[in-house]
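For clarity, every value in this text was computed on a predicted model and none was experimentally measured.
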Amino acid sequence: MRHAIPAELRAVGDPSGASWVTCSDTAVPATVVMLLAGGLALADAGEGPEEIGVGLVQARVGDTVLVHAGEAIRVLPEVAG
């Protein structure tokens with residue numbers, strides 16, 4: 001399953017759209033695997049589940065979110081692929 005990465009969030013020089021630069025730090029896509037209390041969730045970016053904040057977005061289990069500094073900043077839309 002692929003996700004549409006908005007052009008303004010793609011890292012300069014990364015035509016694959018695999019990473020994004022925000023305030024000189026990288027944001028990474030992660031899949032929400034479990035919602036927790038208090039605006040938190042477990043999400044997996046490929047190295048096992050980690051706790052992240054989801055208070056800024058309306059994420060559901062199975063959504064791919066863009067995570068920056070431990071906080072989901074955007075739910076990425078799915079695209080046919």
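- Note that CD of Glu78 is 7.5 Å distant from CG of Asp63, once rounded to the nearest 0.5 Å.
- Pairs passing the salt bridge (charged side-chain N to carboxylate O under 4.0 Å, His left out) check and including a residue from residues 27-51, sequence neighbours excluded, do not occur.
- Under a hydrophobic-cluster definition in which Ile, Leu, Val, Met, Phe, Trp and Tyr are linked whenever side-chain heavy atoms come within less than 4.5 Å, directly or via other members, Leu40 and Leu42 are assigned to the same cluster.
- The side chain to side chain contact (heavy atoms under 4.5 Å, CB included) test with Ile73 singles out one residue from Val67, Leu66, Val65, Val54, and that residue is Leu66.
- Hydrophobic clustering of Ile, Leu, Val, Met, Phe, Trp and Tyr side chains at less than 4.5 Å, counting indirect connections, unites Val75 with Val61.
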Yes or no on side chain to side chain contact (heavy atoms under 4.5 Å, CB included) for Glu71 and Leu56, after CA distance, side-chain angles and deciding distance?
CA-CA 8 Å; Glu71 188 70 34; Leu56 300 176; 3.6 Å; yes

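- Residues passing the side chain to side chain contact (heavy atoms under 4.5 Å, CB included) test with Ala43, sequence neighbours excluded: Ala30, Ile52.
- Counting all heavy atoms, side chain and backbone alike, Ala45 lies closest to Val28 at CB-CG2, 4.3 Å.
- Looking at every heavy atom in both residues, Leu35 comes nearest to Ala41 through CD2-CB, 4.0 Å.
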